2 protein chains.
Amino acid sequence: MDALGANSTGYVPLYQQIKRLITESLVSGEWAPGEPIPSEFELASRYSVSQGTVRKAISELASQKVLVRHQGKGTFVASHSQESTNFPFLRIAPDDSVVQSVEATLIDLWRIKLDEISAAKLLVSPGASGWLIRRLLSVEGKETLYEEIRLPGDSFETVEEQLVLDHNCMLYSMYESEFGIRILNVEESLKAVTADGEITKRLKLPESTPLLRVDRIAFTYGDKPVELRRGFCNTSNHHYRNRIV
Amino acid sequence: MDALGANSTGYVPLYQQIKRLITESLVSGEWAPGEPIPSEFELASRYSVSQGTVRKAISELASQKVLVRHQGKGTFVASHSQESTNFPFLRIAPDDSVVQSVEATLIDLWRIKLDEISAAKLLVSPGASGWLIRRLLSVEGKETLYEEIRLPGDSFETVEEQLVLDHNCMLYSMYESEFGIRILNVEESLKAVTADGEITKRLKLPESTPLLRVDRIAFTYGDKPVELRRGFCNTSNHHYRNRIV
DNA sequence: GTTCTTATATCTTATATAAGAATTATTGAC
DNA sequence: GTCAATAATTCTTATATAAGATATAAGAAC
């Protein structure tokens, strides 16, 4: 099975082809985040297949959270701005309660040249221009996470401080509405480290406190990396939670 | 929607009822891990529904990795002993390569009384008897992870060192074949800490090296917790990887 | 006249069934 | 041993019906 769902004999099921066509319409922006896509019957006649076949294609996209379905209402393009939680990929939670409030404050924003490693991870040429955003996250009112975010200049042409503030530091929602870039999933890599002065100062911690370092690559359609992130988390009263099935 | 799939009017779709019946047969041990379950058509006639309805029930269980399907062969009860990777829930990987080999060595095994916190997490009464297993994991030949595993005595009656060794320290495979307990999923909680003498000695590290502490609760059918685990991981050359969708 | 309820028509997705295709393993002929 | 036929399995596709949501219109209450 390759990425298109074909087997060794080249046979591709109909519903896989439909899935591909739907994805293309999503990438092209024909159907925008938050908007409904045509009904199953409309799509069935458009692609000349049965409703059940369209349905199977949509089902798989819905299980990937690319689409969201509501019985009786329709199928919608998933959007960060309409999610229940504002930071859907944030795994930091307080030890003794459930996470209620997360607040983000912008530290600063710079135009930068991407270093070699960052450029490689973003699949752009080394030295290409980009952006560096630094911010601080407070969970339940306590400064917990210091983050550095790197964006490639080719996908993000101009990023202004005011723009970030307008979106309340909810970056993925901003990427979506301002740049048409929807983050679908992220890969994280975690390590335990001791922090240097700058970071401990930001988090108001004594030097050499052990911190959780979280490196993230965020992907949009077609597994294209479009954001790099490094966070340092104070885990004295918080933890990183994960469920594996 | 409650856990059984019923809505507010009490209506439960047929395929949800079938899913329930199949799960009951799995819990009761009618179909053992690694074994095939009856074919879709056999189950359809047994439950007096169509093959498609059985199929939908099986599909959901397969997506939860409770069952595994092979076209042309049949549907099988998922088993840890037949998985491609021997440590399916292990998220530790070397920084500069893909994980090739993981080896576990048993340190020791004790009968203990479960402390209050552990007992609460395992939903047994405080002071109930249980087991403590200590072991060391090496990734690519390098000692990386020190683990303490706590088991409740009511689910695990007698655990012998030899039994653990016989299974090459692959505990989830042992739980399955020796105690009939299949681990379906785990919840992990991560923190950055500095290690004490015992642990740094085991991992051959200087004192006060920052370590990744991984607390795990493992669940079997019906979200019943049956194992507690605390691991300390040297993340100098390794990391904890995670993908979030 | 305005507002609220209620019924109805119509749209949506969800469920159930059936028939045939694709895949795998087995059997038998050669 | 090799190859083709066969049987058993899951997979794909199509069709029909059910359940849920929404807009509209008619009627009742105020």
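If you're wondering where the values come from, they're calculated on a predicted model, not measured in any experiment. Labels below follow one simple rule: chain letters A, B, ... track the order of the sequence lines, proteins then strands, and each chain is numbered from 1. The figures here come from the full heavy-atom set of this structure, side chains too, leaving out hydrogens, waters and symmetry mates.
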A side-chain contact here means heavy atoms from C-beta on lying under 4.5 Å apart; do B/V159 and B/V164 qualify? yes
Five-pair end axes of the helix from C/dG1-D/dC30 to C/dC30-D/dG1, angle between them (10°): 10°
Measure the spacing between CZ of A/R229 and CG of A/L171 and express it to the nearest 0.5 Å. 5.5 Å
The correct set of residues in residues 43-59 of chain B placing a heavy atom under 4.0 Å from DNA chain C is B/V49, B/S50, B/Q51, B/G52, B/T53, B/K56
With rounding to the nearest 0.5 angstrom, report the CG to CG distance, A/L109 to A/L165. 9.5 Å
Would you say A/H70 and A/T75 are linked by a side-chain donor-acceptor pair, where the criterion is simply a distance under 3.5 Å? no
Just jot down the side chain to side chain contact (heavy atoms under 4.5 Å, CB included) partners of B/P94, sequence neighbours excluded, or say none. B/D96, B/S97, B/V99, B/V139, B/E140, B/H238
Whichever of A/H70 and B/H70 has its nearest DNA chain D nucleotide further upstream toward 5': B/H70
Look at the side chain of A/T53 and the backbone N and O of A/V49, then say whether any donor-acceptor pair between them is shorter than 3.5 Å. no
Residue B/Y11, side-chain atoms from C-beta onward, closest of D/dA19, C/dT13, C/dT23: D/dA19
Please tabulate, for the side chains in residues 182-189 of chain B, all donor-acceptor contacts under 3.5 angstrom to protein atoms that are two or more places apart in sequence or on a different chain.
unit_1, atom_1, unit_2, atom_2, d
B/R182, NE, B/A78, O, 3.3
B/R182, NH1, B/A78, O, 3.4
B/R182, NH1, B/E176, OE1, 3.0
B/N185, OD1, A/R243, NH2, 2.8
B/E187, OE2, A/R243, NH1, 2.6
B/E188, OE1, B/Y240, OH, 2.5
B/E188, OE2, B/R216, NE, 2.8
B/E188, OE2, B/R216, NH2, 2.8

What orientation do A/Y175 and A/F156 show, parallel under 30°, tilted 30 to 60°, or perpendicular over 60°? perpendicular
Is a side-chain donor-acceptor pair under 3.5 Å present for B/N237 with B/D95? no
Note: for B/F41 and A/Q71 on DNA chain D, the residue whose nearest nucleotide lies more 5' is B/F41
Are OP1 or OP2 of C/dA25 and a side-chain N or O of B/K73 less than 4.0 angstrom apart? yes
Within the pair A/T75 and C/dT13, is there a side-chain N or O less than 4.0 Å away from OP1 or OP2? yes
With the threshold set at under 4.0 Å for non-hydrogen atoms, list the residues of residues 29-37 of chain A touching DNA chain C in residue-number order. none
Hey, what's the ring geometry for B/H80 with B/Y172, parallel, tilted or perpendicular (30° and 60° as the breaks)? tilted
Going by side chain to side chain contact (heavy atoms under 4.5 Å, CB included), name the residues that satisfy it together with A/D166, two or more places apart in sequence or in a different chain. A/Q162
